[in-house]
Amino acid sequence: MNVITLTVGSMTNAIKARKALVAGGIKSKLVKLDKNKDGCAYAIEIKSDGIYSAALILRQLGIEYSLLKEH
Amino acid sequence: MIYFDNAATSFPKPPSVIRSLSRCVKYYCGNPGRSAHPLSIKSAEKIYETRLGVARLFGIDNEEYVSFTKNATEALNIAIKCTVKEKSHCIISDLEHNSVIRPLEKIKRERGVEYSVFDSDLPLKEAIIPLIREDTGCIICSVVSNVTGKRIDITELSRIAREKNLTLILDASQAAGHININLSDVPCNILCAPSHKGLFGIQGAGILLLADGIQRDTLTEGGSGSDSFLTEMPQYLPDRYEAGTLPTPAIVSLGAGIDYIQSIGLEEIYGKIKGLTEYARDVLLSVKGVKLYGADEGIISFNFKGLSSSLCAEYLVKKGIYTRAGYHCSPLIHRKIKTEGVGAVRVSFSYFNKKSEIDRLYFAMKELSC
């Protein structure tokens, strides 16, 4: 199973996103990245099979995210 | 010891606040929003929970509109200096604290801003409307006076501000924690409050609630924990107004304080404080030589004939009763009640005060009058 990293920007967004994903039954891990376009950023790692549900949850919360990588 | 100085800072704090604070400092207080290790993440989670608690308390949907400052004064400085435009005009009440007056005076000198003061004893429409000019942009007002306890009708104030398309900045320093301020019913643009008074947190944090979500200029710039190559503060809230390390223990204590208030209920807290104020007012009025200036919303100011406020307060300290004397950083109201030169003794209550403590105040003042 692949892991997908979704960049969400600030720590506040990351916490908000992680809580919502956990409440939605999607396991996630909060990580910090240092290769974002403006420097460091917070991101959420989820398993690739959860991407669609995760995307829906983040959109409903109004959290902008970008798909950084699949690994 | 009888503590009647809750308008300065509340004491004691609820046991749950002390436990929360102790757990934070002992077990997990990392730097929130800087690293990705468990201490940093846990601290950030706790701060997020406090943001949620503040948002719920004041009836707003978006917790990102809640920024944390170091106190209400800093929040008011940001609110005023980042909102009031150059050469514009503001309206303030005659109840305002120096945390409103001094920033206004500074931008008056630096940016040609002018301000008018409305009489809080008049009906709001009568007091404010005549002061509105073409260049008026903002109303800044305390919800409750820290000297007389006088409460402003913020429902009416909000209505006037919206009708006249004016930005409304509320100083809720003496109201938060016992008066229900629901911004979905009583919209304002910005609300400021400290952690350490009615909200039962410790000193070191303040609330800057940007209820209109509008991104303004910043007052302080520094590290925000992400987007390090940007040379400006982030555009998004709350990070835009949170430069530097947040006061995590103070914010955690604020969250615990709000939880405590919600567990008791604002109505219950308000009722008790109202009852204590009315009892203390009646008790003080019965003492010959006492002159009362105001008694409402948990705050009473008075003087004793022939005695300066500081000497009276000193006498009360010897009786184990702690109050505050002087001008309470609020010059306008003291000029209005003609206490320039003497100040006033202020007694202020929290949910933890008791009628029996007010009885001790009565006996102390009665001894003085004899």
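Values below: every heavy atom of this structure, side chains too, minus hydrogens, waters and symmetry copies.
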query = Can you list the residues that meet the side chain to side chain contact (heavy atoms under 4.5 Å, CB included) rule with Asp185(B), with sequence neighbours excluded?
reply = Asn182(B)
remark   = Residue pairs meeting ring-ring contact (aromatic ring centres under 6.0 Å, His included), one or both in residues 167-216 of chain B, sequence neighbours left out, come to Phe200(B)-Tyr260(B), Phe200(B)-Phe352(B)
Check: [X] side chain, [Y] main-chain N or O, donor-acceptor pair, under 3.5 Å:
X         : Y         : value
Ser43(B)  : Gly30(B)  : yes
Glu63(B)  : Ala55(B)  : no
Arg240(B) : Arg216(B) : yes

inquiry  = Please identify, among Pro32(B), Ala44(B), Ser40(B), the residue contributing the most non-hydrogen atom pairs under 4.5 Å to chain A.
reply    = Ala44(B)
Residues of residues 15-26 of chain A contacting chain B, heavy-atom criterion under 4.5 Å, by residue number = Ile15(A), Lys16(A), Arg18(A), Lys19(A)
key: Pro234(B) portion near chain A, given a 4.5 angstrom heavy-atom threshold   = neither
ask   = Of the backbone (N, CA, C, O) and the side chain (C-beta and beyond), which part of Glu242(B) lies under 4.5 Å from a heavy atom of chain A, both, or neither?
value = neither
key: SB check Glu45(B) Lys42(B) (cutoff 4.0 Å)   = no
query = Is there any salt bridge (Lys or Arg N to Asp or Glu O under 4.0 Å) pair reaching into residues 21-41 of chain B, and which pairs are they, with sequence neighbours excluded?
reply = none
